[in-house]
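What follows is a set of notes on a single structure, which appears directly below.
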Amino acid sequence: MRRSVLAVDRVVVLLLGVLLVVAGVAAVGWQQGFLADLWPDVPDSVQVDTGTVTTAGSYPALAGAVGVVLVGLGLWWLLAHLPRRSVGTLRLPGSDQPGRLEVDPGPAVATAADVLADDPTVRSAHGAVLVDRGERVVRLRATVNPDTDLHAAVAACDRVLADLAQVLPADQLHSRVELSVLRRGETEARVR
């Protein structure tokens, strides 16, 4: 979740909390007669005639507009609270505060997956950088044919990860490689 969403949440919750506390205290004070000391013109009772509001010609349009706005705000709130598993920029080692260097790991990991996919032992590969249990993880998913030598495929993955460690700050990332082996019937000719 982004900091801006957290800030909006905290402000909205604070305002709603203050509003509910004030309304609750005012309701209790009105019931007990204490509100009359602060506000001498407070009515003894309130008569609400909803018929004048709901029979107005603009009521359906106004109710629909308010409904659309509330649904839009609700959807925005839900989407803003979806967990983001991607990682932002990484700070490169050796960079000071005045001259801070950062790198976006996404393109480097995508290139590493492309290099892995070009290996003859690997049929296809995809890469992503994500946060898993509080740790930044480079995840490479590779698919191999059933007759592929798995030791050769693992060696290719190790080479790609070693090259990736030269580009990205290895102390800030962990790596995970997931190898999937196709079933016998799924093998197709690979075109190069």
Side-chain angles (χ1 to χ4, degrees), residues 1-13 16 64 67-97 99-192:
M1 195 176 340
R2 295 184 304 273
R3 289 181 186 223
S4 60
V5 174
L6 284 174
V8 168
D9 278 357
R10 289 178 181 161
V11 169
V12 167
V13 167
L16 284 175
V68 167
V69 168
L70 289 176
V71 167
L73 283 173
L75 287 175
W76 171 81
W77 188 81
L78 286 174
L79 291 176
H81 286 82
L82 286 176
R84 286 184 7 180
R85 291 181 51 114
S86 66
V87 176
T89 58
L90 299 175
R91 188 172 181 187
L92 292 175
S95 60
D96 305 0
Q97 275 301 87
R100 192 165 129 178
L101 297 174
E102 294 180 340
V103 63
D104 182 15
V109 172
T111 302
D114 291 343
V115 168
L116 184 60
D118 287 341
D119 191 276
T121 61
V122 177
R123 182 177 175 83
S124 67
H126 302 284
V129 183
L130 48 96
V131 176
D132 187 16
R133 295 182 211 120
E135 299 289 332
R136 294 177 180 157
V137 178
V138 171
R139 181 186 66 200
L140 292 176
R141 288 183 172 172
T143 305
V144 296
N145 288 325
D147 56 347
T148 300
D149 180 19
L150 288 181
H151 293 293
V154 169
C157 294
D158 288 341
R159 282 192 305 273
V160 167
L161 288 175
D163 290 343
L164 191 60
Q166 298 297 318
V167 176
L168 297 177
D171 59 332
Q172 299 178 32
L173 293 170
H174 298 281
S175 60
R176 177 172 64 211
V177 177
E178 299 171 4
L179 285 177
S180 300
V181 179
L182 288 176
R183 286 184 253 147
R184 286 255 177 232
E186 297 179 21
T187 343
E188 298 174 7
R190 187 170 173 184
V191 179
R192 289 209 181 247

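All figures in this text were calculated on a predicted structure; none of them were measured in a lab.
Annotation: side chain of L161 is in contact with side chain of L140 (closest heavy-atom distance under 4.5 Å). Within the 4.5 Å cutoff, side-chain heavy atoms of W77 are placed close to those of D9. Counting heavy atoms from C-beta on, the side chains of V129 and V137 never come closer than 4.5 Å. You'll find the side chain of V138 stays beyond 4.5 Å of the side chain of R176, heavy atoms only. Within the 4.5 Å cutoff, no side-chain heavy atoms of V160 are placed close to those of V177.
Legend: salt bridge (charged side-chain N to carboxylate O under 4.0 Å, His left out) pairs involving residues 151-161, not counting sequence neighbours, sorted by first then second residue: D119-R159.
Of all heavy-atom pairs between A113 and A125, the closest is O-CB, 3.4 Å. Here the closest heavy-atom approach between residue C157 and residue L179 is recorded as SG-CD2, 4.2 Å.
Remark: H174 engages E135 in a side-chain hydrogen bond (donor to acceptor under 3.5 Å, both in side chains) (not counting sequence neighbours). A110 meets the side-chain contact (heavy atoms from CB on, under 4.5 Å) test with no other residue; sequence neighbours excluded. Applying the side-chain contact (heavy atoms from CB on, under 4.5 Å) criterion to A108, with sequence neighbours excluded, gives L164, V167, L168.
Judged by distance alone, with hydrogens and angles left aside, the side-chain atoms of T111 form a donor-acceptor pair with the main-chain N or O of P107 at under 3.5 Å.
Taking NE2 from H126 and CD from E178, the interatomic distance works out to 12.0 Å, rounded to the nearest 0.5 Å. Distance OG/S124 to CG/D114: 11.0 Å, rounded to 0.5 Å. In this structure, T121 OG1 and D149 CG are separated by 8.5 Å, a value rounded to the nearest 0.5 Å. To the nearest 0.5 Å, atoms CG (N145) and CZ (R123) are separated by 5.5 Å.
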